[in-house]
Amino acid sequence: MSAWVIRGLGMAVLHGVALTLLAKYAVYHPTDQTLMVSLALAVLVGAAALWSALDAWRDVPDRGRAWFIAALVTGVVSGILYVIGRAVFVDQTGVSELGGALTGGAAFSALLVLIPAGLGLFVGGRIGRSRPADEDDTDEEAREAPSPRPSRRVRSSEAEPTPRPRRRAQAADEELTPQPARRVRLSGEAPSPRPSRRIQPRTGEPRA
């Protein structure tokens, strides 16, 4: 189903119901209609503006032509629905009211759709264009910012390992190695004679 058919019929039903309720209210309150008329106009204008703004924000294709045709359809169909609703629920209006509803009433209903829809398309289009621009800027900033990577310390193959001091191992070896006991010399003790070396005669010489 085409977009203008859904929007035209939806707005026509809304306009026909609003006009019928205003006619019913005027029967019981003929002198106090200002507030109800203002509320009805606000609802009709707001519905057209909001719907068209959503279409522009969602980037519906061919939305301008759809809303223009929908405004024309709303004017004609809402006039017919108003006459039927007034004849059934208000004062049994006849076919004689159909001419005025399809001329002046239809033109007024079409303008109530066309003007708010144009404003809604403009505002929704501006919002729809600004949203992707903000998303693109955010993506570009995220791409430009470098991700922090932990620095790895690379050990070159040519680097020689640093020798570690073996203090504890040397101290343990010194404790385990037995040291020769030193003889303490007393002050009055004579030094012990050292054994004389025996000189062996050379071969070929006579012994004494």
Side-chain angles (χ1 to χ4, degrees), residues 1-26 29 32-90 93 95 97-148:
M1 188 178 292
S2 301
W4 63 267
V5 175
I6 299 173
R7 287 151 182 78
L9 292 179
M11 295 302 299
V13 171
L14 184 62
H15 277 250
V17 171
L19 293 175
T20 303
L21 291 177
L22 286 177
K24 187 71 174 181
Y25 184 82
H29 305 279
D32 188 13
Q33 301 182 16
T34 306
L35 180 61
M36 293 301 297
V37 171
S38 300
L39 290 177
L41 289 176
V43 170
L44 296 176
V45 170
L50 181 60
W51 198 347
S52 60
L54 289 176
D55 288 343
W57 182 68
R58 293 183 301 146
D59 199 10
V60 176
D62 205 8
R63 52 188 175 273
R65 186 176 68 89
W67 275 103
F68 178 76
I69 299 175
L72 299 179
V73 172
T74 300
V76 176
V77 178
S78 65
I80 297 173
L81 293 178
Y82 166 66
V83 173
I84 295 174
R86 186 172 179 178
V88 174
F89 298 104
V90 182
T93 302
V95 184
E97 294 289 335
L98 191 59
L102 292 178
T103 54
F108 182 71
S109 297
L111 289 176
L112 282 181
V113 175
L114 188 60
I115 295 176
L119 293 176
L121 291 175
F122 175 75
V123 175
R126 294 294 297 271
I127 296 175
R129 285 194 297 269
S130 63
R131 182 172 56 89
D134 296 339
E135 293 179 355
D136 294 340
D137 295 340
T138 306
D139 295 340
E140 291 179 358
E141 292 178 358
R143 292 176 182 175
E144 291 177 359
S147 59

Q: Kindly give the heavy-atom pair with the smallest separation between Ser52 and Pro116, and that separation in Å.
A: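 Closest pair (atom of Ser52, atom of Pro116, distance): OG-O, 3.8 Å.
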Q: Identify the heavy atoms of Gly75 and Ala106 that sit nearest to each other, and give their distance.
A: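 What the structure gives for the nearest pair is O-CB, 3.1 Å.
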Q: Tell me the closest heavy-atom pair linking Gly79 and Ala101, and the distance in Å.
A: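 The pair with the smallest heavy-atom distance is O-CB, 3.7 Å.
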Q: Of all residues at least two apart in sequence or in a different chain, which pass the ring-ring contact (aromatic ring centres under 6.0 Å, His included) check with Trp4?
A: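 With sequence neighbours excluded, Trp4 shows a ring-ring contact (aromatic ring centres under 6.0 Å, His included) to no residue whatsoever.
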Q: Working to the nearest 0.5 angstrom, can you tell me the gap between Leu121 CG and Phe68 CZ?
A: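 The distance works out to 13.0 Å.
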Q: Taking it one step at a time, do Ile6 and Trp51 satisfy side chain to side chain contact (heavy atoms under 4.5 Å, CB included)?
A: CA-CA 11 Å; Ile6 299 173; Trp51 198 347; 4.2 Å; yes
Q: Applying salt bridge (charged side-chain N to carboxylate O under 4.0 Å, His left out), which residue pairs with at least one partner in residues 64-73 are found, sequence neighbours left out?
A: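 Pairs touching residues 64-73 that pass the test: Asp62-Arg65.
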Q: How long is the gap from CG on Leu112 to CG on Leu14, to the nearest 0.5 Å?
A: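 The CG atom of Leu112 sits 10.5 Å away from the CG atom of Leu14.
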Q: Roughly how far, to the nearest 0.5 Å, is CG of Leu72 from CG of Leu114?
A: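 Separation between the atoms: 7.5 Å.
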Q: Looking only at atom types and distance, does a side-chain atom of Ser78 sit under 3.5 Å from a main-chain N or O of Gly16, one as donor and one as acceptor?
A: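 A pair under 3.5 Å: no.
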Q: Write down the atom of Ala117, the atom of Trp67, and the distance for their closest heavy-atom approach.
A: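 So the two residues come closest at CB-CE3, 3.8 Å.
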Q: Please list every donor-acceptor pair under 3.5 Å in which a side-chain atom of residues 80-90 meets a protein atom from a residue at least two apart or in another chain.
A:
residue: Tyr82; atom: OH; partner: Arg86; partner atom: NH1; Å: 2.8
residue: Arg86; atom: NE; partner: Asp91; partner atom: OD1; Å: 3.4
residue: Arg86; atom: NE; partner: Asp91; partner atom: OD2; Å: 3.3
residue: Arg86; atom: NE; partner: Thr93; partner atom: OG1; Å: 3.4
residue: Arg86; atom: NH2; partner: Asp91; partner atom: OD2; Å: 3.3

Q: Measuring from atom CG of Leu39 to atom CG of Leu44, what distance do you get when rounded to the nearest 0.5 angstrom?
A: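 With rounding to 0.5 Å, CG (Leu39) is 11.0 Å from CG (Leu44).
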Q: Which pairs with one or both residues in residues 32-45 pass side-chain hydrogen bond (donor to acceptor under 3.5 Å, both in side chains), sequence neighbours excluded?
A: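 Those involving residues 32-45 do not exist here.
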Q: With sequence neighbours excluded, give me every side-chain hydrogen bond (donor to acceptor under 3.5 Å, both in side chains) pair touching residues 7-18.
A: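 side-chain hydrogen bond (donor to acceptor under 3.5 Å, both in side chains) check on residues 7-18 returns Arg7-Asp55.
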Q: Can you list everything that forms a side-chain contact (heavy atoms from CB on, under 4.5 Å) with Val17? Sequence neighbours excluded, please.
A: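 Once residues adjacent in sequence are excluded, the partners of Val17 under the side-chain contact (heavy atoms from CB on, under 4.5 Å) criterion are Val13, Leu21.
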Q: Testing the basics here: between Ala56 and Gly120, what is the closest heavy-atom pair and its distance to 0.1 Å?
A: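 Distance-wise, the nearest heavy atoms are CB-O, 4.4 Å.
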